[in-house]
Amino acid sequence: MSESPSKRRVVLGFIGTVLDAGRADRRFDKWRPTVAMCAHPSLPVDRYELLRDARHSDLAETLAADMRAISPTTEVRQVEMNLTDPWDFEEVFAALHDYCRAYPFDPEAEDYLVNITTGTHVAQICWFLLAEAHYVPGRIVQLTPPKRWKDGAPGGYTITDLDLSRYDRIARRFRAETVEATSFLKSGIATRNPAFNRMIDRIEQVALRSRAPLLLTGPTGAGKSQLARRIYDLKKTRRQVAGPFVEVNCATLRGDSAMSTLFGHVKGAFTGALAERAGLLKSADGGILFLDEIGELGPDEQAMCLRAIEDKRFLPVGADRETASDFQLIAGTNRDLGPAVAAGRFREDLLARLNLWTFDLPGLKDRREDIEPNVEFELKRHAEREGVNVTFNRQARARYMAFALSADALWSANFRDLGASITRMATLAPGGRIDEAVVEEEIGRLMATWHGQRRDGPEARLAGLIEADRLARIDPFDRFQLAEVIRICRDSPSLSAAGRTLFAASRLDKASSNDADRLRKYLARFGLDWATVTERTG
């Protein structure tokens, strides 16, 4: 905060019941910080807000008179603030917080200084926190006595502006810590997708500034579980959590055991409950609970979770007394919960509670520029896990990346597919070097896996009919059309019958039509013929 010569200078500070006191007849022989605040020619004070309690009204009157004697232009306002225990942090902070919120600050016309030389250490800390949080739009001033008391010298003073942007070295350090934190959340991967990087920056801000629930959405394998754990690790390194990271996939919770798994049970709560069980929510006390696939929870579990999030309390199965657990919730889902709410399968109030901070993780197909750095990350992970450093040769790397970035690479399981792919190639690499033969084998395996998953889909119908390189040069529109043509051919007894089906409308406008010839020429455009297409039925 810059200082303007035209502004009035206002000082806020507690009376110093020890430092400001002294024998009435010899008080000017002693350095008193509140009086000294008004004795600096280079720092004239227009108004002093002197905070005191009723017990020290006489001392405050003496100080006010001495301050006016030294600086006649200084207005001294006495503010009565009665504290039961000036060493109680909660009480002092609450009192100062209320005072600052009610004070008519006018930063455009007045320059504010908070004197932390006087008052208890608790008061000094509270002043600092309130100034840092901008409840006091001013700077901190601290006075120091002269080396040798002589002729009432005022000593020195130090003014600290808590606006960190004014201190380049500190600001650079904070920026470096922010970069380090976002890199930590990305597992050190130099991701290139701008939207993803912006999202990670925002997650870093929210994770370190809030304990509110976070909702991570995105397709299976997009990295929700890994990101949740990295958020926990980041908060733990900053000492924001002390408890454990507890993870559960809600899709695995079924039947009567779901409530017990989440909320625990008492001994004898049901048949087979031979001992008390704490439950996962209790286990996460002081830490982070990650409920993956939260959309799979039943209605009763959803209601209990909402209560636990809001009140930090819940009732174990069979218990007649509630238990407490203070955890931060991170939820994950691969589905849009909005339609689930509309269908009555998910509680609207629970979604509203989770939806404060929602981050949608894109799938690998939407982050193709991040495939290459993730390949390097997976190779590094393999080396750390197996103790063997594996690399690509140049031709193999070029072939694999060309495939990975092409439309043929479906990456249906996202990063799980990529991680498994690199692990397989690294394991089979001869002499720790992935060559073209290993890459071609892996590409074939991935294509078979993806097309096997989509056996009735259009991509599956083209598998094996057209070479991958040529298929990659065919527009998606033409691929879908060709796949449908192949389906009809395989469902038809002859080339002519297939032609009649395919050209059922346009053939009516022709005096004579050769449907078989039209179909034969269409297939030939893609290097196909009737025999090649139909021999792959079944």
Side-chain angles (χ1 to χ4, degrees), residues 174-210 212-238 245 247 288 290-295 328-338 354-382 397 400-423 446 450:
F174 274 81
R175 284 194 295 269
E177 288 184 359
T178 298
V179 171
E180 180 184 349
T182 55
S183 177
F184 185 88
L185 289 178
K186 295 187 292 185
S187 301
I189 304 172
T191 54
R192 303 166 183 170
N193 182 274
F196 180 77
N197 287 337
R198 285 194 299 270
M199 183 189 70
I200 291 296
D201 288 340
R202 185 55 52 87
I203 290 176
E204 182 266 337
Q205 290 178 309
V206 172
L208 293 179
R209 299 178 186 179
S210 172
L214 279 72
L215 179 60
L216 305 180
T217 65
T220 299
K224 297 185 292 294
S225 296
Q226 182 179 356
L227 180 57
R229 178 168 284 280
R230 298 299 284 183
I231 291 172
Y232 167 77
D233 290 339
L234 177 62
K235 291 176 77 76
K236 191 168 186 179
T237 59
R238 300 294 177 87
F245 177 80
E247 177 179 0
I288 286 181
F290 177 50
L291 294 181
D292 197 11
E293 304 307 340
I294 194 171
Q328 182 177 3
L329 176 69
I330 301 178
T333 180
N334 64 1
R335 63 168 67 177
D336 184 355
L337 294 178
L354 297 175
N355 211 23
L356 176 63
W357 296 111
T358 299
F359 300 99
D360 187 30
L361 275 65
L364 189 56
K365 288 193 297 183
D366 299 320
R367 292 175 52 195
R368 293 190 183 271
E369 61 267 69
D370 287 340
I371 291 178
E372 187 170 12
N374 273 279
V375 167
E376 294 302 319
F377 173 72
E378 293 297 341
L379 285 173
K380 182 180 178 181
R381 274 214 307 187
H382 181 271
R397 182 184 183 84
Y400 185 78
M401 289 309 304
F403 166 76
L405 297 173
S406 72
D408 292 317
L410 303 182
W411 301 120
S412 54
N414 295 292
F415 291 93
R416 291 177 186 170
D417 274 348
L418 182 63
S421 175
I422 298 301
T423 296
L446 287 171
W450 293 329

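Every value quoted in this text rests on a predicted model; they were computed, and no experiment measured them. These values consider heavy atoms only, across backbone and side chains, with no hydrogens, waters or symmetry-generated copies. All residue numbers in this chain count up from 1 along the given sequence.
- Side-chain atoms of I200 and F359, non-hydrogen and from C-beta on, never get closer than 4.5 Å to each other.
- The local environment of CZ in R192 is crowded, with over 12 non-hydrogen atoms from other residues, nucleotides or ligands closer than 6.0 Å.
- For L356 against A212, the heavy-atom pair with the smallest separation is CD2-CB, 3.4 Å.
- Counting only heavy atoms from C-beta outward, the side chains of L337 and R335 approach each other to under 4.5 Å.
- Here the NZ-OG distance, from K365 to S412, works out to 8.0 Å after rounding to the nearest 0.5 Å.
- K380 pairs by the side-chain contact (heavy atoms from CB on, under 4.5 Å) definition with E384, not counting sequence neighbours.
- Separation of atoms CG (N334) and CG (L216) is listed at 12.5 Å; rounding is to 0.5 Å.
- Heavy-atom contacts from other residues, nucleotides or ligands closer than 6.0 Å to CZ of R368 number more than 12.
- With contacts defined as side-chain heavy-atom distances shorter than 4.5 Å, the pair I288/R229 does not qualify.
- Taking 4.5 Å as the limit, every side-chain heavy atom of I422 sits out of range of all side-chain heavy atoms of H382.
- Taking the charged nitrogens against the carboxylate oxygens, R230 and E204 have no contact shorter than 4.0 Å, which rules out a salt bridge.
- Side-chain N or O atoms of D370 include one that pairs as donor or acceptor with a backbone N or O of N193 at under 3.5 Å.
- Atom CG of L215 sits about 6.5 Å away from atom CG of N355, to the nearest 0.5 Å.
- Taking every heavy atom of both residues into account, K235 and A207 meet most closely at NZ-O, 2.6 Å.
- Atom CG of residue D417 and atom CG of residue L446 lie 6.5 Å apart, to the nearest 0.5 angstrom.
- Taking both residues in full, the closest heavy atoms of A409 and W450 are given as CA-CZ3, 3.4 Å, listed atom of the first, atom of the second, then distance.
- For the pair L354/L329, a side-chain contact is recorded, criterion being any heavy-atom separation below 4.5 Å from C-beta on.
- With hydrogens and angles ignored, the 3.5 Å screen pairs no side-chain donor or acceptor of S421 with any backbone N or O of L418.
- Using modelled atom types, one side-chain atom of T423 and one backbone atom of G419 make a donor-acceptor pair closer than 3.5 Å.
- The CE atom of M199 lies 6.5 Å from the CG atom of L227; values are rounded to the nearest 0.5 Å.
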Step by step, would you call T220 with R416 a side-chain contact (heavy atoms from CB on, under 4.5 Å)?
CA-CA 9 Å; T220 299; R416 291 177 186 170; 3.1 Å; yes
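- Taking the six-membered ring where the residue is Trp, F245 and F290 present parallel rings, their angle staying beneath 30° rather than reaching 60°.
- The nearest pair of heavy atoms linking L361 to A222 is CD2-O, 3.7 Å.
- Y400 and F403 have tilted rings, their planes meeting at an angle from 30° to 60° on a 0 to 90° scale.
- K224 contributes a side-chain N or O that, together with a main-chain N or O of G218, makes up a donor-acceptor pair within less than 3.5 Å.
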Passes side-chain contact (heavy atoms from CB on, under 4.5 Å), L214 versus Q328? Steps please.
CA-CA 9 Å; L214 279 72; Q328 182 177 3; 3.3 Å; yes
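- Considering only heavy atoms from C-beta on, W411 stays 4.5 Å or farther from R367 through its side chain.
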Go through I231 and I330 one step at a time and tell me if the side-chain contact (heavy atoms from CB on, under 4.5 Å) criterion holds.
CA-CA 9 Å; I231 291 172; I330 301 178; 4.0 Å; yes
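- To the nearest 0.5 Å, atom CZ of residue R381 and atom CG of residue N374 are 9.5 Å apart.
- In terms of modelled atom types and a separation under 3.5 Å, the side chain of N414 and the main chain of G363 share no donor-acceptor contact.
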